[in-house]
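Step one of this worksheet: look at the structure below.
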2 protein chains.
Amino acid sequence: MHDASSDNDGTGSRAPRGRSRATGRATLADVAALAGVSPITASRVVAGKTTVRPELAERVRAAVAQLGYRPDPSARALASAKSRHVVVLIPLLSNTLFTELLEAVQDVMWDAGYPIFVGITQYKPEREAALLDSYLSHRPAGLILTGFDRSEAQRRLIEASDTPCVHVMELSDAPDVHCVGFSQIKAAQAVARHLLDRGRRRIAFVGAQLDPRTLERAEGFRSVLQAAGCHDPRLEILDSRPSSAALGAEAFRRLVETHPDLDAVFFCNDDLAHGGLLEALRLGVPVPDRVSVVGFNDLPGNAQMLPALSSLRTPRREVGDAAARMLLRLMRGEPVDAPAVDLGFELKIRASS
Amino acid sequence: MHDASSDNDGTGSRAPRGRSRATGRATLADVAALAGVSPITASRVVAGKTTVRPELAERVRAAVAQLGYRPDPSARALASAKSRHVVVLIPLLSNTLFTELLEAVQDVMWDAGYPIFVGITQYKPEREAALLDSYLSHRPAGLILTGFDRSEAQRRLIEASDTPCVHVMELSDAPDVHCVGFSQIKAAQAVARHLLDRGRRRIAFVGAQLDPRTLERAEGFRSVLQAAGCHDPRLEILDSRPSSAALGAEAFRRLVETHPDLDAVFFCNDDLAHGGLLEALRLGVPVPDRVSVVGFNDLPGNAQMLPALSSLRTPRREVGDAAARMLLRLMRGEPVDAPAVDLGFELKIRASS
DNA sequence: CTGAAAGCGCTTACAG
DNA sequence: CTGAAAGCGCTTACAG
């Protein structure tokens, strides 16, 4: 009688390991054994290091293919004290601006082999702090953050973690801060100037959520109107509720009721502007004959509005793409051309202004 | 002269480890040493096991707090062959339906201590297969998938990975399949019946993207109209391009031009319906007097439309919430009440129908 | 260019 | 209820 369990003796780690904790998947050791090299050499090939003799590298690659070997991300992260995760923190998903940004980041990172973690901050600093604290414990390879609105403590936390970090949607001129975006102030100024150029003088501003970028837009708007001598604070509606078509409709109605001489409205989000435009239709207020309307971001659907909505196109896909590429360079320790990348914006004039 | 480095001798791992690969963060061993217990006991307390004497557990918790200890997710995953990541695969982010679903899942999972990985499949089976293959190598603790449209090979892959999995947005009656959603067919049937009840007979259907759920809606719509004896295949527009207001406007125009006797349109997405409604305004087609319009999903903004858009409200937040809770139970090995949860839907009648 | 040894920080059986 | 030992699968110095 021969021992049944001896069938696999000597075949090493490719045999089932009985009560051991092994998972059954091929490991680096299996690959190395099959290729006839040491695990460390196999590791070098898998990691893409070029210091391995081509012939050996080829044997390793063949073994990887034959075994269907996939590196274990946890073991990798534990041994190297670095994961291959990229963390992206955005305020919310209900704004197409951020989902497009996210998709662009995801596209680049996926191709580069980095899965992304998405954290939703809900515009709440404490929520962002909690997310950061939690995600940083995963030792992410990189970080993409929206804007600069965070506490000194958080900044130090990020700094101390030594994680490459790129900020998006706003610009900073601090030399050690990496960011990709455009000037919210200049963008709002461009809208205000456009409306002045159209001969408008009684121009209202409608902002919601009141996040830092909305406030910068308000500031840009105000500066241009003040310079033109036609700024009227009563024409500014700043509402801290989340942006929505309902809010835009409400604001538009309030404005035309209380200020019948109104001749333009700058909504700092397209969804607000959609609501405003529909309310104008409902009230019979001719756009743009009596009131010009302009939105912000130029999200899909503006061309279908009645009249087609003028807006300021923001380059969120380009921002996501450029930020991801910059982060990749930082993660690899490669130099970046400039720490701050200004991608600009474009005024899209349609029928509503 | 005393040896300067001896200052920390004997303090164990709390001292800087010089050239070692340690990260400087507190480890379980540090916690155990401070609490005067073994690492395994500390591990049990941190993991929430109840088999530790309260007094010891308290000492461990105090040490955790004092050291600011955070478990290392990689070490945990490596040792236990399970990560604490939950993977969610959805078709895209540009549909509010999915972002709301995602936010609900995220809320539940965050509270339970599980970060989520989001994969965007772009409605492409090969993309989903690649995402699944990649994410499964992280040994996720759980999986949330949209619908059932995947190959036998993928199903086996998931099965073999032994990862708890919940499907969302569609229902199955297979006893071993866990799912949370509602009947797409019944929902579309409810819309069709509503239009028949309104006395409509020349009812068009507009579908985009043509994903499995859209096709089920088309099927439900068709079945009711056939039963009523007024189904006309020429009134069905099935367009494989992604859903958008522009597409809805185009479809509406085409329908009224080629079928002047049209008296209702069922758009199987609200954004299509918005485009259709605006096109009706543009063309001067009275809604609902000449043509009734109904959308699907009831995303935000319908009440602001002109006229306000009737739609079928789908319970995506509830689906996300329930799916996450079900997955949590599966991950913990707890029993679930039923493998399939039907959350229903609600017809929201507004002015457009 | 290649490898033997040690270690990353945790958990899993196993034993008491 | 508690712990000493081993191990998860990889990478990091170090040495040659």
Provide, to the nearest angstrom, the distance between the [atom1] atom belonging to [X] and the [atom2] atom belonging to [N].
| X | N | atom1 | atom2 | answer |
| --- | --- | --- | --- | --- |
| B:L28 | C:dC8 | CG | P | 14 Å |
| A:K82 | C:dC8 | NZ | C1' | 14 Å |
| A:R59 | C:dC1 | CZ | C1' | 14 Å |
| B:R139 | D:dG9 | CZ | C1' | 9 Å |
| B:D72 | C:dG9 | CG | P | 7 Å |
| B:L56 | D:dG3 | CG | C1' | 12 Å |
| B:L78 | C:dG9 | CG | C1' | 9 Å |
| B:R25 | C:dG7 | CZ | C1' | 16 Å |

Does OP1 or OP2 of [N] have a side-chain N or O of [X] closer than 4.0 Å?
| X | N | value |
| --- | --- | --- |
| A:S38 | C:dT2 | no |
| A:T41 | C:dG3 | yes |
| A:S43 | D:dC10 | no |

Those residues that, when tested against A:D149, pass salt bridge (Lys or Arg N to Asp or Glu O under 4.0 Å) (two or more places apart):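 Checked A:D149 against salt bridge (Lys or Arg N to Asp or Glu O under 4.0 Å); zero matches.
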
Partners of A:R150 by salt bridge (Lys or Arg N to Asp or Glu O under 4.0 Å), sequence neighbours excluded?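 Partners of A:R150 by the salt bridge (Lys or Arg N to Asp or Glu O under 4.0 Å) criterion, ordered by chain and then number, come out as A:E128.
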
Does B:H85 have any ring pair (Phe, Tyr, Trp, His ring centres under 6.0 Å) partners at least two apart in sequence or in another chain, and if so, which?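 If we apply the ring pair (Phe, Tyr, Trp, His ring centres under 6.0 Å) test to B:H85, skipping adjacent residues, the hits are A:H85, A:F117, A:H138, B:F117.
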
Mind checking side-chain contact (heavy atoms from CB on, under 4.5 Å) for A:A160 and listing every partner two or more places apart, or none if nothing turns up?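 side-chain contact (heavy atoms from CB on, under 4.5 Å) list for A:A160, sorted by chain: empty.
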
Between B:R53 and B:A75, which has a closest nucleotide on DNA chain D that is more 5'?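 This one resolves to B:R53.
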
Watson-Crick or G-U stems of DNA chain C, 3 or more pairs, under 3.5 Å, by first number: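 Correct response: C:1-3 with D:14-16, C:5-12 with D:5-12, C:14-16 with D:1-3.
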
Report the residue (B:R76 or A:I40) whose heavy-atom-nearest nucleotide on DNA chain C is the more 5′ of the two.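 Closer to the 5' end of DNA chain C: A:I40.
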
Applying the side-chain contact (heavy atoms from CB on, under 4.5 Å) test to B:L101, which of B:V319, B:D321, B:I144 qualifies?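 Of all the options given, the one that passes is B:V319.
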
Of the nucleotides C:dC8, C:dT12, D:dC8, which one has an atom closest to the side chain of A:A79?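 Of C:dC8, C:dT12, D:dC8, C:dC8 is nearest to the side chain of A:A79.
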
Given the structure, check if the side chain of B:R44 and the base of D:dG3 hold any donor-acceptor pair shorter than 3.5 Å.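 Looking at the base of D:dG3, it does pair with a donor or acceptor on the side chain of B:R44 (distance under 3.5 Å).
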
Rounded to the nearest 0.5 Å, what separates atom CG in B:L330 from atom SG in B:C165?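 So the CG of B:L330 and the SG of B:C165 are separated by 9.0 Å.
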
The criterion is side chain to side chain donor-acceptor pair (under 3.5 Å); which residues satisfy it with A:E126, sequence neighbours excluded?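 Once residues adjacent in sequence are excluded, A:E126 has no partner under the side chain to side chain donor-acceptor pair (under 3.5 Å) criterion.
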
